[in-house]
Amino acid sequence: QQRALVDDLRPDAVSIAHREITATDPDDVTAAFFARCRDAGVGVQHILYDADDVDALARSLDRGVVVSEGRLMTLLVLGRYSAGQVSDPADLVPLVERMHTALGSVDWAVCAFGAAETDCLATAHGLGGKVRVGFENNRLNADGSIAANNAERVSRVIAALSGARGNR
């Protein structure tokens, strides 16, 4: 369904979980999809949940299943498959190192689940990554309170990134 939707809409960009897009179909079907994205100018951001996903994407690139025009884009997702969907900034450094070793220079971003989202995103920013904030993954502030809206989450991340750590 996801492939048909991308084929029909031809968006400028799409985020696709590598483990999901490669789970059921043979390599040639997946390769044809990524080739159609390339040919239609659809930028693909590869969602990666852990080091196994990083390695799987590297293998897909080596086999020609994934094709990329220009710089490869990734989104590292912290906490999605942990107990209670709790992210930890300590998980990020080894994952980023693995990504750079396996994939080389990539355009990468991070999103995180749970109350540690702000700390995870500040860590990602410090490592040179981009950040994706908010309600798709998280509604909790660092103190465990529920944010009133996504603007609150964004403002707290901005405050953390600008050094106003006391406002988290």
Side-chain angles (χ1 to χ4, degrees), residues 1-3 5-6 9 11-24 37 42-60 66 68 71-168:
Q1 288 177 332
Q2 186 178 35
R3 293 173 200 210
L5 185 62
V6 172
L9 296 177
D12 290 336
V14 64
S15 294
I16 297 175
H18 187 74
R19 68 172 57 174
E20 294 168 8
I21 201 77
T22 60
T24 56
C37 287
V42 176
V44 176
Q45 181 184 55
H46 300 272
I47 300 172
L48 307 172
Y49 296 101
D50 55 27
D52 289 341
D53 284 352
V54 170
D55 293 342
L57 177 56
R59 287 189 303 273
S60 291
V66 171
S68 179
R71 198 167 183 201
L72 189 68
M73 295 184 293
T74 64
L75 176 65
L76 304 176
V77 180
L78 300 179
R80 172 67 176 97
Y81 291 108
S82 66
Q85 292 190 340
V86 176
S87 58
D88 184 343
D91 294 338
L92 187 58
V93 172
L95 187 56
V96 169
E97 289 174 354
R98 179 73 153 264
M99 178 187 62
H100 287 309
T101 298
L103 302 174
S105 177
V106 298
D107 180 353
W108 63 281
V110 171
C111 66
F113 285 79
E117 177 189 43
T118 300
D119 289 338
C120 290
L121 299 183
T123 299
H125 184 262
L127 294 171
K130 297 175 182 173
V131 301
R132 189 163 98 182
V133 182
F135 278 16
E136 180 181 346
N137 304 321
N138 180 57
R139 297 178 57 208
L140 297 177
N141 293 315
D143 64 4
S145 64
I146 297 174
N149 52 43
N150 206 50
E152 180 180 345
R153 288 298 314 127
V154 171
S155 67
R156 290 187 183 218
V157 170
I158 290 170
L161 297 181
S162 65
R165 301 239 186 256
N167 293 330
R168 287 188 290 166

List for me each residue that meets side chain to side chain contact (heavy atoms under 4.5 Å, CB included) alongside R139, sequence neighbours excluded, and say none if there are none. F135, I146
Only pairs at least two apart or in different chains count here, so list each salt bridge (Lys or Arg N to Asp or Glu O under 4.0 Å) that has a residue in residues 13-22. R19-D50, R19-D53
Let's go through V110 and L75 carefully: what are the C-alpha distance in whole Å and the side-chain angles of both, what is the deciding distance for side chain to side chain contact (heavy atoms under 4.5 Å, CB included) to 0.1 Å, and is it a yes or a no? CA-CA 5 Å; V110 171; L75 176 65; 5.5 Å; no
Test item: V106 and M73 side chains (from C-beta on) under 4.5 Å apart, heavy atoms: no
Under a 4.5 Å cut-off applied to non-hydrogen side-chain atoms, are S15 and R132 in contact? yes
Determine the minimum heavy-atom distance between L78 and D88, stating which atoms define it. CD1-O, 4.2 Å
Trace of the side chain to side chain contact (heavy atoms under 4.5 Å, CB included) decision for S105 with R71: CA-CA 7 Å; S105 177; R71 198 167 183 201; 3.1 Å; yes
Those residues that, when tested against D52, pass salt bridge (charged side-chain N to carboxylate O under 4.0 Å, His left out) (two or more places apart): none
Keeping the roles fixed (side chain from N149, backbone from E152), state whether a donor-acceptor pair exists under 3.5 Å. yes
In this structure, CG of D143 is separated from CZ of R156 (nearest 0.5 Å) by 6.0 Å
Measure the CG-SG distance between N137 and C120 for me, rounded to the nearest 0.5 Å. 11.0 Å
W108 CH2 to L76 CG distance, which is reported to the nearest 0.5 Å: 6.5 Å
Taking salt bridge (Lys or Arg N to Asp or Glu O under 4.0 Å) as the cut-off, I'd like each qualifying pair that reaches into residues 97-114, sequence neighbours left out, listed once. D55-R98, D107-K130
Straight-line distance of L127 CG to T123 OG1, nearest 0.5 Å: 6.5 Å
Report the C-alpha separation of L57 and L48 in whole Å, then their side-chain angles, then the decisive distance to 0.1 Å, and conclude whether the side chain to side chain contact (heavy atoms under 4.5 Å, CB included) test is met. CA-CA 8 Å; L57 177 56; L48 307 172; 4.1 Å; yes
Residue set satisfying side chain to side chain contact (heavy atoms under 4.5 Å, CB included) with V14, at least two apart, ordered chain then number -> V6, P11, I16, V42, V44
If you measure from OG on S87 to CG on L92, what distance do you get to the nearest 0.5 Å? 10.0 Å
Look at atom NE2 of H100 and say whether more than 12 heavy atoms of other residues, nucleotides or ligands are closer to it than 6.0 Å. yes
Residues T118, R153; criterion side-chain hydrogen bond (donor to acceptor under 3.5 Å, both in side chains); working and verdict: CA-CA 8 Å; T118 300; R153 288 298 314 127; 2.7 Å; yes
Considering only heavy atoms from C-beta outward, does the side chain of L140 approach that of F113 to under 4.5 Å? no
With sequence neighbours excluded, residues passing side chain to side chain contact (heavy atoms under 4.5 Å, CB included) with S155: none
List the steps and the verdict of side chain to side chain contact (heavy atoms under 4.5 Å, CB included) for T74 and M99. CA-CA 9 Å; T74 64; M99 178 187 62; 3.3 Å; yes
From H46 NE2 over to L72 CG, what is the distance, rounded to the nearest 0.5 angstrom? 5.0 Å
Shortest non-hydrogen contact from T22 to S60? CG2-OG, 4.4 Å
